[in-house]
*Asks:* 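Once you've had a glance at the structure underneath, I'll fire off some questions.
Below, each value reflects all heavy atoms present in this structure, side chains not excepted, and no hydrogens, waters or symmetry copies. These numbers were taken from a predicted model, which means no experiment stands behind them. So that the names make sense, note that chain A is the first sequence line, chain B the second, and so on, each numbered from 1.
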Amino acid sequence: DTAVSQTPKYLVTQMGNDKSIKCEQNLGHDTMYWYKQDSKKFLKIMFSYNNKELIINETVPNRFSPKSPDKAHLNLHINSLELGDSAVYFCASSPYGTGLGAGELFFGEGSRLTVL
Amino acid sequence: GEDVEQSLFLSVREGDSSVINCTYTDSSSTYLYWYKQEPGAGLQLLTYIFSNMDMKQDQRLTVLLNKKDKHLSLRIADTQTGDSAIYFCAETNSGYALNFGKGTSLLVTP
């Protein structure tokens with residue numbers, strides 16, 4: 001069973017479109033994250049939710065909107081896609097929102113977004 | 001935010017030891033981690049160390065922490081071709097949001 005699963009794995013779309021990436025974890029974790037990895041492999045946190053509550057919202061354009069319908073799901077919706085949004089987006093979960101457990105991240109396989 | 005720096009590339013021969021280095025700037029870092037990313041996959045936690053520890057060993061992996069110099073290293077003994085991957089150092093002080101380095105690409109040659 002996949003612990004953290006993301007769909008779709010690949011997404012190719014035109015500038016200006018709106019797209020969503022879905023994430024589900026079956027680990028029973030309280031905290032979920034979205035990270036963006038650019039072409040140079042630099043990994044940057046975008047959002048973090050703990051029990052459906054937003055706890056981290058880094059400097060991300062408001063075209064990006066996370067939604068957590070329950071603690072096992074964290075979806076990412078992106079409006080008006082731009083070329084610079086092309087990246088691999090990783091969903092992750094951790095047992096806790098703070099402390100050591102917060103750093104024990106379980107990552108999905110990533111969703112590669114290409115904006116043309 | 002605080003910086004975590006790593007060298008970008010390392011190449012070693014199979015059977016040799018690999019040492020991947022990391023420096024960080026946040027003196028209040030509490031937990032430090034090493035993650036591994038294989039091609040086309042997500043990151044996988046390898047090991048971690050508390051800031052009050054100097055060393056941690058886990059099978060072929062040895063983590064050394066010099067808190068005074070804010071220097072963390074990961075040593076992989078008897079490196080195998082399957083160890084070829086990108087290795088990320090990460091730190092946090094509050095437990096919120098890991099701060100990742102840019103990753104070190106390790107290439108193991110036969």
*Asks:* Which word best sums up how the rings of A:Tyr35 and B:Phe100 line up, parallel for under 30°, tilted for 30 to 60°, or perpendicular for over 60°?
*Replies:*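 Rings of A:Tyr35 and B:Phe100: perpendicular, over 60°.
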*Asks:* Under 4.5 Å heavy-atom distance to chain B, tell me which part of A:Phe106 shows up: side chain, backbone, both or neither.
*Replies:*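 Contact with chain B: none, neither part.
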*Asks:* Sort A:Gln6 into side chain, backbone, both or neither according to what part of it lies under 4.5 angstrom from a heavy atom of chain B.
*Replies:*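 Contact with chain B involves no heavy atom of A:Gln6 at all.
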*Asks:* Between B:Tyr24 and B:Lys70, is there a cation-pi geometry (under 6.0 Å to ring centre, at most 45° from the normal)?
*Replies:*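 No, cation not above the ring by the 6.0 Å, 45° rule.
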*Asks:* With only heavy atoms counted, which part of B:Ile86 is less than 4.5 Å from chain A, the side chain, the backbone, both or neither?
*Replies:*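 When you check distances to chain A, only side chain atoms of B:Ile86 fall under 4.5 Å.
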*Asks:* At a 4.5 Å cut-off on heavy atoms, which part of A:Leu43 comes close to chain B: side chain, backbone, both, or neither?
*Replies:*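 A:Leu43 touches chain B through backbone and side-chain heavy atoms alike.
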*Asks:* Closer than 4.0 angstrom, basic N to acidic O: yes or no for A:Lys52 and A:Asp70?
*Replies:*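 Salt bridge: no.
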*Asks:* Determine the option with the most heavy-atom pairs under 4.5 angstrom with chain A, choosing from B:Ala90, B:Gly101, B:Ala41.
*Replies:*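 Going by pairs under 4.5 Å, I would pick B:Ala41.
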*Asks:* Is any side-chain N of the basic residue among A:Glu24 and A:Lys22 closer than 4.0 Å to the acidic one's carboxylate O?
*Replies:*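 No salt bridge links A:Glu24 with A:Lys22.
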*Asks:* For A:Lys9, which atoms come within 4.5 Å of any heavy atom of chain B: side chain, backbone, both, or neither?
*Replies:*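 Looking at A:Lys9, just its side chain touches chain B.
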*Asks:* If you count the non-hydrogen atoms of other residues, nucleotides and ligands that lie under 6.0 Å from NZ in B:Lys56, is the total more than 12?
*Replies:*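 Above 12, so yes.
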